[in-house]
Amino acid sequence: MNIIIFGPPGAGKGTQANFIVKRYNLFQVSTGKILREEIKNKTEIGQKISTLMTSGSLVEDKIVNKLIEDIVSDENYKNRFIFDGYPRNLDQADNLNNLLSKYDQKINIVLKLSVTLETIKKRISERRAIETRPDDSEEIAIKRYETYEKSTEPVIEYYKKLNLLKVINGERSIDQINNEISEIMVDIEGWLYTLTPYKYDFKY
């Protein structure tokens, strides 16, 4: 099973992605983590990424796509991916579709955590009362939310048209969201087992 999870900053996407990884024995593909690892390991591509990020420039799709292919092509993780932070645009969505097809895979489900801006601002305010983070300001939260919504809307529509999208109410508690995701996964599991029995090894 391969999954994509979407959600604006502050929606709890990371928490839910970790839950899915642990419960279903999947491998999380986080573009942010991948880029940081390349920089940490001081690879040739990592040095280029570091230069781009230091200058405030976005890392070009060509670089990100190459790193994604290196992972997707690994037989150890075949049909066990959850993509977090990728794809971010239609070009990346097309690239991911082509890559998965190339390595005899596909996306089985796309999850979107739906959260209002007011809820995001409330969560930021509550978090600031507990811990101080330089990026925890309402102004930054609003900018990130608006940028996210604008950039991902075409991608969400792309997967909606493919009948892969499941929208989850991200306004609720972590446990309630966990439960809804579990219910969706149970339905998907049954469908997958009907098509290809014993191919998937889900661990609870």
Side-chain angles (χ1 to χ4, degrees), residues 1-108 110-113 124 127 131-137 139-141 143-156 158-159:
M1 175 183 287
N2 294 319
I3 301 170
I4 298 174
I5 185 167
F6 289 106
K13 177 169 61 71
T15 299
Q16 297 304 325
N18 288 334
F19 161 73
I20 295 170
V21 165
K22 291 176 181 178
R23 183 162 191 180
Y24 298 96
N25 190 29
L26 301 185
F27 178 77
Q28 185 174 0
V29 181
S30 168
T31 49
K33 183 178 179 180
I34 293 170
L35 296 177
R36 288 191 295 271
E37 282 295 314
E38 291 294 323
I39 294 173
K40 179 182 176 182
N41 294 331
K42 298 181 179 179
T43 64
E44 182 178 345
I45 197 169
Q47 292 173 356
K48 185 173 183 179
I49 292 168
S50 180
T51 300
L52 288 168
M53 295 178 73
T54 301
S55 67
S57 302
L58 293 175
V59 179
E60 56 198 76
D61 282 356
K62 184 178 179 180
I63 292 176
V64 177
N65 292 343
K66 173 62 172 64
L67 295 173
I68 293 293
E69 180 166 12
D70 290 343
I71 296 172
V72 170
S73 62
D74 191 332
E75 284 288 329
N76 292 317
Y77 304 121
K78 186 173 183 179
N79 286 317
R80 289 179 48 224
F81 293 112
I82 175 167
F83 294 92
D84 175 6
Y86 188 93
R88 291 184 180 273
N89 56 52
L90 287 177
D91 285 341
Q92 290 185 353
D94 283 334
N95 178 73
L96 180 58
N97 182 55
N98 292 334
L99 280 180
L100 290 173
S101 178
K102 179 179 178 180
Y103 296 103
D104 191 29
Q105 302 182 66
K106 65 179 180 179
I107 294 299
N108 298 107
V110 177
L111 304 175
K112 178 192 175 184
L113 292 180
I124 292 292
R127 189 163 65 191
E131 55 180 305
T132 303
R133 283 173 43 175
D135 61 342
D136 258 358
S137 73
E139 182 181 353
I140 292 175
K143 185 176 180 180
R144 285 181 171 176
Y145 182 91
E146 292 176 344
T147 298
Y148 167 83
E149 289 293 321
K150 183 179 180 179
S151 63
T152 60
E153 182 179 0
V155 186
I156 296 297
Y158 174 90
Y159 288 113

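Computed over heavy atoms, backbone and side chain alike; hydrogens, waters and symmetry mates excluded.
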Residue set satisfying side chain to side chain contact (heavy atoms under 4.5 Å, CB included) with Asn76, at least two apart, ordered chain then number -> Asp74
Minimal heavy-atom distance between Pro154 and Ser151, with the atoms involved, is CD-O, 3.6 Å
Exercise. Are the charged groups of Asp104 and Lys78 less than 4.0 angstrom apart, N to O?
Worked result: yes
Item to check | Under 3.5 Å donor-acceptor, Thr152 side chain and Val155 backbone | outcome: no
Between Pro9 and Arg144, the two heavy atoms sitting closest are CG-CB, 4.0 Å
>> Do Phe83 and Val72 have side chains that approach each other closer than 4.5 Å (heavy atoms only, starting at C-beta)?
In response: yes
Item to check | From CA spacing to verdict: side-chain contact (heavy atoms from CB on, under 4.5 Å), Gln105, Phe81 | outcome: CA-CA 10 Å; Gln105 302 182 66; Phe81 293 112; 3.6 Å; yes
For Lys106, does its backbone N or O pair with a side-chain atom of Asn2 as donor and acceptor, under 3.5 Å? yes
Closest non-hydrogen atoms of Gln28 and Ala17, given as atom of the first, atom of the second and distance, are NE2-CB, 3.7 Å
The ring pair (Phe, Tyr, Trp, His ring centres under 6.0 Å) partners of Tyr103 (sequence neighbours excluded) come to none
Practice task
Output yes when a side-chain donor or acceptor of Arg80 lies under 3.5 Å from a complementary backbone atom of Asn25, and no otherwise.
Solution key: yes
Flag, side chain of Asn97 to backbone of Ala93, donor-acceptor distance under 3.5 Å:
no
Within the distance-only criterion (no hydrogens, no angle test), does the side chain of Asp84 pair as donor or acceptor with the backbone N or O of Ser30 below 3.5 angstrom? no
Open item on the list: side-chain contact (heavy atoms from CB on, under 4.5 Å) for Val59 and Thr31? Distances and angles first, verdict last.
Closed with: CA-CA 10 Å; Val59 179; Thr31 49; over 6 Å; no
Just distance, no hydrogens or angles: give the donor-acceptor pairs under 3.5 Å from side chains in residues 60-67, sequence neighbours left out.
residue, atom, partner, partner atom, Å
Asp61, OD1, Gln92, NE2, 2.8
Asp61, OD2, Asn89, ND2, 3.4
Asn65, OD1, Tyr86, OH, 2.6
Asn65, OD1, Asn95, ND2, 3.3
Asn65, ND2, Asp61, O, 3.2
Lys66, NZ, Asp70, OD1, 2.9
Lys66, NZ, Asp70, OD2, 3.1

Residues Leu113 and Ala11: closest non-hydrogen pair is CD1-O, 3.8 Å
| query | What orientation do Tyr77 and Phe27 show, parallel under 30°, tilted 30 to 60°, or perpendicular over 60°? | reply | parallel
